Amino acid sequence: MSPNPAQPDPKRWLALLFISIAQLMVFLDGAIMNIALPSAQESLHFSDGNRQWVITVYGLAFGGLLVLGGRLADLWGRRRIFIIGLIGFALASGIGGVAANLPMLLTARALQGVFGALLAPAALALISVAFTDSRERAKAFGIYGALATAGGAIGLLLGGVLTEYATWRWGLLINLPIAAIGIAGVLAVVRDTGREAKRARLDVPGAILATAGAVALVFGFARAENDGWASAVPIGMFLASAVLLAAFVLLESRVKSPLLPLRVLKDRNRAGAYLSMGLSVMSMFGMFLFLSYYFQLVKDYSPVQSGAAFIPMAIAQAVGSTQIAARLSRFVRPGRLMGTGFAVSGVGVLMLAALDPGSSFVYVSAAEVVMGLGIGTAFMPAFGLASHGVDAFDVGVASAMINTSQQVGGSVGTALLNTVAASATASFTASRTGSAGLVNRALVHGFSVAYVWATGFLIAAAVVAFVAITAGRPETAAADPAGTLDERVKDGDHDDRLPSMSR
């Protein structure tokens with residue numbers, strides 16, 4: 001029996017701890033694998049052409065199944081789906097850690113993506129329904145936002161340590177003890193205080209269309225990065241994705257129990273949060289990538305040194321989420337908080353555009369701190385708005401949309417900014433043949449041009465946040481995280497949902 005939703009769960013802070021530990025595993029995994037991949041390639045003897053698939057296959061499964069994972073959490077129970085995702089992610093990590101060849105490693109990475117797509121939206125939904133007090137809710141999302149934004153930087157450090165002092169396999173096997181702690185804690189203290197729609201049917205045609213459309217989109221951007229934007233495969237994937245997603249939207253407007261109720265997207269605050277988050281992640285994924293290249297290729301840092309070089313950003317992100325955003329959210333509207341955070345982060349990224357091969361780490365770390373404070377401040381209210389005003393039945397799928405915006409934004413940003421940087425580097429090299437230090441100067445020039453583009457994405461994210469997000473402060477906007485009957489009546493969707501809810 002779940003506790004009365006009107007009464008706060010007495011174990012909610014302990015539950016947040018274990019949910020965060022489990023979710024941190026997902027945040028760390030991608031960054032660790034980026035560092036460990038060269039060693040894995042050498043160990044398993046696969047080609048440079050196949051190397052990208054270790055990352056891409058995970059992104060395809062994760063990004064393609066997020067909406068389905070969020071709806072399954074709503075239908076079958078968020079705690080249940082969270083535990084299934086956690087166990088499955090751990091087992092897949094174990095398979096990858098003992099992989100004897102590339103097919104076995106790719107299978108493990110695909111399974112990680114599948115179970116990560118269950119785990120991620122369920123985690124956010126559990127937090128959303130557990131914290132109903134506005135101040136506590138702000139703190140909870142501040143902690144979650146800090147993990148979400150700092151997880152990549154921490155993963156780079158951990159990946160460097162494991163790769164340099166142990167083996168690349170521990171980049172995957174490290175998930176087993178983390179998952180064991182998370183599973184034990186979740187079983188002991190996490191409760192699903194949301195209502196479950198156990199009698200509702202899963203929208204199978206919608207699930208097929210959404211998954212296929214999302215996979216085609218992510219795959220198209222992944223191939224564009226390597227094949228070029230005008231190549232047949234990326235263009236074909238983009239067209240297929242557009243057709244599939246258009247069919248999905250049409251279907252969702254007609255079926256009785258849609259996979260993604262369109263009311264989730266119609267609210268301007270949620271839509272603004274999804275869009276601004278996607279735009280900002282386009283910038284941040286590229287920033288992480290190019291700054292990692294700068295440390296390792298230009299500065300000749302070791303994997304451990306490269307990971308440690310991101311620590312200022314990780315600390316700043318944690319401060320931005322848990323201190324600045326959590327405190328200011330009681331007085332500042334989330335749209336203004338997000339817009340200001342994105343703008344500040346843009347200043348930090350623009351500082352990186354002024355780097356040269358001889359720049360000091362003091363300057364780089366100053367730029368990291370500015371970026372970290374800004375993005376940490378912006379992400380906390382963004383996660384809170386993901387489920388702003390939705391019915392309890394839709395919390396999981398609404399939470400999945402914020403993860404989807406991150407995944408798609410990351411895929412778009414990585415492909416686009418890589419293309420921009422490569423083109424700028426090639427142009428610089430062609431115009432300055434034979435000069436001293438040309439390779440490093442050309443690389444840094446390419447990174448700088450990409451950073452200017454990345455700054456533009458953050459400015460766009462800030463504009464969207466300022467203009468589209470009009471929700472009030474948490475005292476009025478987030479006191480009812482699962483939404484109220486009045487909100488559902490306003491959206492015009494309150495007829496066929498309520499009879500199917502049971503507890």
Side-chain angles (χ1 to χ4, degrees), residues 25-66 88-117 119-120 151-152 154-164 166-176 178-179 214-227 233-234 237 285-286 288-290 292-293 296-297 303 306-307 406-408 410-415 417-418:
M25 179 178 65
V26 178
F27 293 143
L28 292 175
D29 183 77
I32 290 176
M33 282 307 300
N34 279 321
I35 292 291
L37 187 53
S39 296
Q41 180 182 1
E42 182 180 0
S43 173
L44 299 181
H45 309 291
F46 52 86
S47 67
D48 289 344
N50 287 326
R51 181 173 59 190
Q52 64 161 322
W53 289 106
V54 178
I55 304 299
T56 301
V57 73
Y58 173 85
L60 291 174
F62 187 77
L65 294 171
L66 273 167
F89 197 95
L91 292 176
S93 299
I95 294 171
V98 298
N101 49 50
L102 179 61
M104 188 173 177
L105 179 60
L106 293 179
T107 299
R109 291 290 289 164
L111 289 173
Q112 280 186 310
V114 169
F115 288 106
L119 193 149
I154 297 171
L156 290 172
L157 174 60
L158 184 58
V161 171
L162 293 172
T163 301
E164 191 163 332
T167 170
W168 68 268
R169 297 182 183 277
W170 274 105
L172 291 161
L173 295 176
I174 191 65
N175 292 330
L176 295 177
I178 297 175
V215 166
L217 182 63
V218 175
F219 182 72
F221 281 110
R223 287 298 298 265
E225 182 180 353
N226 295 283
D227 299 351
V233 173
M237 288 296 102
F285 268 50
F288 269 115
L289 178 66
F290 297 132
S292 179
Y293 286 164
Q296 295 186 62
L297 300 180
S306 297
Q406 288 179 283
Q407 185 64 33
V408 173
S411 298
V412 175
T414 300
L417 294 180
N418 245 346

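What you see is a predicted model; the values in this text were computed from it and never measured.
- Between Ile95 atom CD1 and Leu105 atom CG the span is 11.0 Å, to the nearest 0.5 Å.
- Here the straight-line distance linking atom CD1 of Ile178 with atom CG of Leu28 works out to 5.5 Å at 0.5 Å rounding.
- Residues passing the ring-ring contact (aromatic ring centres under 6.0 Å, His included) test with Phe290 are Phe447, sequence neighbours excluded.
- Partners of Tyr58 according to the ring-ring contact (aromatic ring centres under 6.0 Å, His included) rule, which considers only residues two or more places apart in sequence or in another chain, are Phe62.
- Side-chain contact check for Val233 versus Phe219: some heavy-atom pair is nearer than 4.5 Å.
- By the 4.5 Å heavy-atom criterion applied to side chains, Leu44 and Asn101 are not counted as neighbours.
- In terms of the side chain to side chain contact (heavy atoms under 4.5 Å, CB included) criterion, residue partners of Ser292 (sequence neighbours excluded) are, by chain and number, Gln296, Phe310.
- The closest side-chain heavy-atom distance from Leu60 to Val218 is below 4.5 Å.
- Considering all non-hydrogen atoms of both residues, Val114 and Ala61 come closest at N-CB, 3.8 Å.
- Put simply, CG on Leu91 and CG on Leu176 are 8.0 Å apart, with the number rounded to the nearest 0.5 Å.
- Scanning both residues, Arg169 and Gly96, for their nearest heavy atoms gives NH1-O, 4.4 Å.
- Residues Phe46 and Val54 meet the side-chain proximity criterion, which asks for heavy atoms closer than 4.5 Å.
- Side-chain atoms of Met33 and Leu172, non-hydrogen and from C-beta on, do get closer than 4.5 Å to each other.
- Nearest heavy atom pair, residue Gly220 against residue Pro234, reads O-CB, 3.7 Å.
- The side-chain heavy atoms of Leu217 and Phe221, taken from C-beta on, include a pair separated by under 4.5 Å.
- Taking OG from Ser93 and CG from Leu173, the interatomic distance works out to 8.5 Å, rounded to the nearest 0.5 Å.
- Remark: Ser306 engages no residue in a side chain to side chain donor-acceptor pair (under 3.5 Å) (not counting sequence neighbours).
- Every residue was checked against the ring-ring contact (aromatic ring centres under 6.0 Å, His included) condition with Phe89, not counting sequence neighbours, and none meets it.
- Residues Gln112 and Asn175 form a side-chain contact, since some pair of their non-hydrogen atoms from C-beta on lies under 4.5 Å apart.
- One distance of note links OG of Ser39 with CG of Leu162; it measures 11.0 Å at 0.5 Å rounding.
- Contact of the Ile55 side chain with the Arg109 side chain is registered, since non-hydrogen atoms from C-beta on lie closer than 4.5 Å.
- Residues passing the salt bridge (charged side-chain N to carboxylate O under 4.0 Å, His left out) test with Arg223 are Asp227, sequence neighbours excluded.
- Residues Ile32 and Gly155 approach most closely at CG1-O, 3.3 Å, considering heavy atoms.
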